Structure formats: structure tokens, C-alpha cells
Amino acid sequence: FLTRSRTIHLFVGALDGTLTRCNGVAADALGVPATGALDAPIWRFLVAHDQDALRSLLASGRRRHRLRLNFVGASQLPFT
């Protein structure tokens, strides 16, 4: 369901901040190929405040924590 969704942006990443996969709607918004495999640092797609928040969360080692992130895509307009 999520891989085919046109409304939910799905990202899969590693603990070092590398995005490893995303669904088609997320790829379109970011302006990256919709091949499934991504291998790109998440930091280049996040607004500065959210870069700091995510780095802090990843460094803390906490799991199961919700964090709303604001991405900046190909249009240079932020989206959540």
C-alpha cells in the first residue's frame, strides 16, 4: 500500500542518515529518480532546524520516537 501511495511520502533510511529507499510520490517531491534505491544523505533534503533535530534523535539511540520532518524538494518549497 505505502509503496504505491500518491499521498503518503515513505522514506527508509539508515542510522547514519542515508536514505536507502523511498516511494514514488516521495521521489517526485524530492526530484530524484523513482527507482526504489536512493542511497542519498537525508540532510540535503531537510530544512536546517530539522537536520539538527534528526541528528540529535539518531545520536540519542532512542527508538520508536515520532518526529515530523520538513523536507525541501525539487520545487524548493518545504513539505512535511
Side-chain angles (χ1 to χ4, degrees):
F1 167 77
L2 292 175
T3 58
R4 294 184 313 274
S5 175
R6 295 304 300 161
T7 57
I8 297 172
H9 295 75
L10 174 67
F11 300 96
V12 178
L15 290 176
D16 68 355
T18 301
L19 289 176
T20 56
R21 298 180 60 83
C22 64
N23 65 357
V25 70
D28 291 346
L30 295 179
V32 299
T35 59
L38 191 53
D39 196 32
I42 194 172
W43 320 116
R44 74 179 200 180
F45 302 114
L46 293 176
V47 298
H49 176 268
D50 289 347
Q51 290 176 15
D52 296 338
L54 182 57
R55 279 189 173 107
S56 176
L57 177 64
L58 292 174
S60 76
R62 288 184 291 168
R63 300 290 183 267
R64 298 179 188 228
H65 181 81
R66 290 181 183 224
L67 183 64
R68 183 172 291 197
L69 299 172
N70 294 292
F71 290 82
V72 179
S75 68
Q76 295 301 304
L77 298 173
F79 65 95
T80 302

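Please read these numbers as outputs of a predicted model, since none were measured by experiment.
Of the candidates L58, T18, D16, L54, L54 is the only one forming a side chain to side chain contact (heavy atoms under 4.5 Å, CB included) with I42.
When the side chain to side chain donor-acceptor pair (under 3.5 Å) test is applied to T3, no partner is found at least two apart in sequence or on another chain. In this structure R6 satisfies the side-chain contact (heavy atoms from CB on, under 4.5 Å) test together with V25, D28, sequence neighbours excluded. Partners of F71 under the ring pair (Phe, Tyr, Trp, His ring centres under 6.0 Å) rule, at least two apart in sequence or in another chain, are F11, F79. Listed by chain and residue number, S75 satisfy the side-chain contact (heavy atoms from CB on, under 4.5 Å) test with L77 (two or more places apart in sequence, or in another chain). Residues forming a side-chain contact (heavy atoms from CB on, under 4.5 Å) with T7 (at least two apart in sequence, or on another chain): S5.
Across all non-hydrogen atoms, the minimal contact from A26 to H9 is CA-CD2, 3.5 Å. The two residues A27 and P33 make their nearest non-hydrogen contact at CB-O, 3.9 Å.
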Solution key, residues 44-53 side-chain donor-acceptor pairs under 3.5 Å, sequence neighbours excluded:
{"from": "D50", "atom 1": "OD2", "to": "N70", "atom 2": "N", "distance (Å)": "2.6"}
{"from": "D50", "atom 1": "OD2", "to": "N70", "atom 2": "ND2", "distance (Å)": "3.0"}
{"from": "Q51", "atom 1": "NE2", "to": "W43", "atom 2": "O", "distance (Å)": "2.8"}
{"from": "Q51", "atom 1": "NE2", "to": "L46", "atom 2": "O", "distance (Å)": "3.0"}

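Cluster membership check: V72 does not share its hydrophobic cluster with V32, using side-chain heavy-atom separations under 4.5 Å among Ile, Leu, Val, Met, Phe, Trp and Tyr.
Taking CG of L67 as the start and CG of L69 as the end, the distance is 4.5 Å to the nearest 0.5 Å.
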